[in-house]
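In what follows, chains carry the letters A, B, and so on, assigned in the order in which the sequence lines appear, proteins first and then strands, with residues in each chain numbered from 1.
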Number of protein chains: 2
Amino acid sequence: MNNKFRIPKATAKRLPLYYRYLLLLNDEGKDKVSSTELAEAVQVDSASIRRDFSYFGALGKRGYGYDVKNLLSFFKKILNQDTLTNVALIGVGNLGHALLNYNFKRSNNIRISCAFDINPEITGKITQGVPVYSMDEMKQQIADQQIRIAILTVPQATDQKTADEMIEAGIKGIMNFTPIRLSAPNGVRIQNVDLATELQTLIYFLDSDEMIKKQLEERKKAMNNTNK
Amino acid sequence: MNNKFRIPKATAKRLPLYYRYLLLLNDEGKDKVSSTELAEAVQVDSASIRRDFSYFGALGKRGYGYDVKNLLSFFKKILNQDTLTNVALIGVGNLGHALLNYNFKRSNNIRISCAFDINPEITGKITQGVPVYSMDEMKQQIADQQIRIAILTVPQATDQKTADEMIEAGIKGIMNFTPIRLSAPNGVRIQNVDLATELQTLIYFLDSDEMIKKQLEERKKAMNNTNK
DNA sequence: CCTTTTTATTGAACTTTTTCACAAATTGAT
DNA sequence: ATCAATTTGTGAAAAAGTTCAATAAAAAGG
């Protein structure tokens with residue numbers, strides 16, 4: 001028996017994407033979908049899609065494509081979408097508020113079930129249907145509710161300490177919106193979401209696109225001059 | 001003359017990370033930094049860091065490390081941090097508001113200089129120091145202000161149409177927070193930021209971690225039984 | 001029933017990214 | 001001046017990820 005369970009990281013990252021589009025197709029009443037069709041919608045090369053699916057065995061039918069309902073229920077299980085996942089929100093500032101309003105439940109079966117903040121003006125109340133506790137209560141609540149996943153949107157400074165506390169309370173996965181790279185023991189996953197960095201990367205790519213374009217133009221001009 | 005300018009994508013994505021940490025070090029008054037030290041802070045293998053830097057030439061000194069000020073001013077240029085980058089915000093909902101409050105300027109020299117929305121209750125006003133225009137004015141404003149980059153946080157549905165309009169107005173880079181994979185002509189970059197997807201990926205990894213752990217335990221147990 | 005078309009599956013080639021590991025340069029101590 | 005300790009820069013190997021393209025199965029059309 002070999003490790004059939006080790007799915008490439010790159011593939012795993014694309015699964016939710018596939019899943020969401022399959023949900024959409026299903027809602028539209030579509031019965032089948034081909035890798036080419038999927039490729040266009042999710043903007044992943046069709047060969048990659050076929051390769052990705054193949055890690056889970058032969059999910060399709062040659063000459064036909066993939067059965068939407070089949071694929072959907074398969075991925076539903078793979079992605080743990082049949083059970084509701086409760087997550088904690090640490091830090092109810094601007095971004096935290098936005099996330100409270102975000103409807104993760106709709107197509108992901110994820111729910112923010114409790115939030116924590118230091119600001120006494122918002123703690124002890126219910127915001128967007130979610131109770132906001134003080135930070136002192138965090139450890140207890142997370143442990144009691146057996147929450148494994150937390151979204152960290154505190155405004156910096158104390159983040160590592162906060163993370164340590166969360167992990168102590170039983171958190172196994174952190175979606176980290178702070179710019180600090182948290183350190184965590186083995187068995188705890190950190191997913192960094194760094195908005196400023198991504199924006200800057202975008203700018204970098206744009207500038208280098210432009211530079212390459214300029215160089216090409218200059219080279220062309222030089223060629224023309226030599227040919228005269 | 002060969003293409004010395006083509007920096008690997010993976011490297012480019014890490015540059016803003018390095019930059020931010022270098023800013024921090026400089027603020028702390030540190031003069032030099034080694035790849036090992038950097039590695040720990042940004043959680044990238046030290047060999048990768050050296051490799052990344054080497055694409056730009058020999059930036060360090062053997063037996064010494066990298067000069068913080070030197071490196072910083074070099075990356076400042078590379079990342080276009082010496083000029084302020086204006087970006088547009090399309091959609092001032094919850095997430096949009098959070099982004100308006102986000103201080104991109106502090107360590108990234110990026111500023112949201114105008115925002116757009118359909119909601120007449122917020123258009124025509126200035127929010128967080130940023131004027132909010134109606135969608136009708138978008139094309140004009142983007143063109144007039146020569147904005148190349150936009151953050152798209154509209155609540156779905158019309159997004160492709162909105163994107164097309166933006167591109168027509170001169171936008172070259174879109175940071176897309178909507179779940180839809182936008183299509184764009186050549187020369188326009190789309191950076192997708194998909195919060196629900198990332199959260200789901202995290203859950204997937206957690207579950208597979210757990211499964212692997214369980215399997216290992218079972219295998220161990222089986223081994224023990226055989227050895228008896 | 002045969003032929004053509006469609007489309008998944010997958011070995012193999014290819015590309016990109018990461019990591020190893022060591023020579024070469026530099027520092028700092030003695 | 002010498003030697004030990006550091007630390008970069010980088011060939012080369014390994015690993016991860018993507019794409020090509022041959023094959024096989026199924027569907028559709030005649």
Original post:
Could you state the CZ-P distance from A/Arg6 to D/dA15, rounded to the nearest angstrom?
Top reply: 14 Å

**OP:** Round to a whole Å and report the spacing from CG of A/Leu59 to P of C/dT7.
**Re:** 17 Å

Original post:
Could a donor-acceptor pair under 3.5 angstrom be found where the side chain of A/Arg51 meets the base of C/dT9?
Top reply: no

Original post:
Would you say D/dG17 has OP1 or OP2 under 4.0 Å from some side-chain N or O of A/Ser48?
Top reply: no

**OP:** Could you say whether A/Pro8 or A/Tyr64 is positioned toward the 5' end of DNA chain D, judged by the nucleotide with the nearest heavy atom to each?
**Re:** A/Pro8

Original post:
Can you tell me how far C1' of C/dT10 sits from CZ of A/Phe56, to the nearest Å?
Top reply: 17 Å

Original post:
Of B/Ala47 and B/Lys32, whose closest DNA chain D nucleotide lies nearer the 5' terminus?
Top reply: B/Lys32

Original post:
Are B/Phe75 and B/Phe53 an aromatic pair by the rule of ring centers under 6.0 Å?
Top reply: yes

Original post:
Rounded to whole angstroms, how far apart are CZ on B/Arg50 and C1' on C/dA25?
Top reply: 14 Å

Original post:
Checking all strands, does A/Ser35 fall into the base, sugar-phosphate, or nothing category for heavy-atom contacts under 4.0 angstrom?
Top reply: sugar-phosphate

Original post:
What does B/Tyr66 touch in the nucleic acid at a heavy-atom separation under 4.0 angstrom: a base, only the sugar-phosphate, or nothing?
Top reply: sugar-phosphate

Subject >> Separation of atom OH in B/Tyr55 from atom P in C/dT18, rounded to whole Å >> reply: 8 Å

Original post:
Any donor-acceptor pair under 3.5 Å joining the side chain of B/Arg62 to the base of D/dT8?
Top reply: yes

